[in-house]
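From a predicted model like this one, the values you see are computed outputs, not experimental measurements. The basis for the numbers below is simple: all heavy atoms, side chains too, and nothing from hydrogens, waters or symmetry mates. In what follows, residues are counted from 1 in the order of the sequence shown.
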Amino acid sequence: QVQLVESGGGLVQAGGSLRLSCAASGRTFSTYATGWFRQAPEKEHEFVAAISRSGSSTYYADSVKGRFTISRDYAKNTMFLQMNTLKPEDTAVYYCVVVSRNVKGQWENGMDYWGKGTQVTVSS
């Protein structure tokens with residue numbers, strides 16, 4: 001089983017950028033499709049972005065499309081989320097997970113737990 005650890009969060013002003021990292025151990029990224037979810041205070045976990053096992057396909061929530069970019073470095077077994085033009089509504093704890101799709105085509109956390117995540121706070 002793969003273990004994933006997030007880092008790179010912080011406090012940034014609206015319009016700024018952050019780059020989140022997700023380091024994998026246990027198994028290599030090429031075994032799984034992986035992605036990012038986020039959870040704002042008092043809200044459910046929300047899908048943000050996903051990348052296929054090969055890295056050839058990427059998927060984004062409409063709310064981040066054009067602003068966020070998901071990528072992988074297979075040599076370092078690390079996944080990234082480049083976040084540009086950040087908005088206050090992007091404020092949340094961000095989690096990297098193995099992802100899967102349900103019968104409705106919706107992205108889900110394919111693991112049976114959520115990690116610690118990394119806090120992103122965007123001030124207006």
Gap separating the CZ atom of R72 from the SG atom of C22, nearest 0.5 angstrom: 9.5 Å
Worked check of side chain to side chain contact (heavy atoms under 4.5 Å, CB included) between T91 and V120: CA-CA 5 Å; T91 295; V120 172; 5.8 Å; no
Same apolar cluster (I L V M F W Y, side chains within < 4.5 Å links), V5/Y94: no
Worked verdict on V97 versus T34 for side chain to side chain contact (heavy atoms under 4.5 Å, CB included): CA-CA 6 Å; V97 294; T34 53; over 6 Å; no
Over 12 non-hydrogen atoms of neighbours within 6.0 angstrom of CZ in R101: yes
Full working for side chain to side chain contact (heavy atoms under 4.5 Å, CB included) between I70 and W36: CA-CA 9 Å; I70 189 171; W36 294 91; 3.7 Å; yes
Qualifying salt bridge (charged side-chain N to carboxylate O under 4.0 Å, His left out) pairs with a residue from residues 82-99, counting only residues at least two apart or across chains: R38-D90, R67-D90
Sub-4.5 Å side-chain heavy-atom contact between T69 and M83: no
Straight-line distance of I51 CD1 to S57 OG, nearest 0.5 Å: 8.5 Å
Distance in Å, S25 OG paired with L4 CG, rounded so as to fall on 0.5 Å steps: 7.5 Å
Residues that N102 engages under side-chain hydrogen bond (donor to acceptor under 3.5 Å, both in side chains), provided they are two or more places apart: Q106, E108
Within one Ile-Leu-Val-Met-Phe-Trp-Tyr cluster: V122 and L11, side-chain cutoff 4.5 Å: no
Salt bridge (charged side-chain N to carboxylate O under 4.0 Å, His left out) partners of residues 1-17, not counting sequence neighbours, each pair once: none
From S123 atom OG to L86 atom CG, the distance as rounded to the nearest 0.5 Å: 10.0 Å
Tell me which donor-acceptor pairs under 3.5 Å the side chains of residues 75-82 have, and how far apart each pair is, sequence neighbours excluded?
{"unit_1": "N77", "atom_1": "OD1", "unit_2": "F29", "atom_2": "N", "d": "3.0"}
{"unit_1": "N77", "atom_1": "ND2", "unit_2": "A24", "atom_2": "O", "d": "3.3"}
{"unit_1": "N77", "atom_1": "ND2", "unit_2": "R27", "atom_2": "O", "d": "3.4"}
{"unit_1": "T78", "atom_1": "OG1", "unit_2": "K76", "atom_2": "O", "d": "2.9"}
{"unit_1": "Q82", "atom_1": "NE2", "unit_2": "N84", "atom_2": "OD1", "d": "2.9"}

Pairwise side-chain contact, F68 with T58, heavy-atom cut-off 4.5 Å (strictly under): no
Under 3.5 Å: donor-acceptor pair, side chain of Y74, backbone of S54: yes
Results of side-chain hydrogen bond (donor to acceptor under 3.5 Å, both in side chains) for T121 - residues two or more places apart only: Q119
Heavy-atom pair of closest approach, residues F37 and N109: CZ-N, 3.9 Å
R19 side chain to G9 backbone, donor-acceptor under 3.5 Å: no
Minimal non-hydrogen separation, A14 against P88, with atom names: CB-CD, 4.1 Å
Mutual orientation of the aromatic rings belonging to F47 and W107 [parallel < 30°, tilted 30-60°, perpendicular > 60°]: parallel
Pairwise side-chain contact, T118 with V93, heavy-atom cut-off 4.5 Å (strictly under): no
Salt bridge (charged side-chain N to carboxylate O under 4.0 Å, His left out) pairs, two or more places apart, involving residues 54-63: D62-K65
Under 3.5 Å donor-acceptor, Y95 side chain and Q39 backbone: no
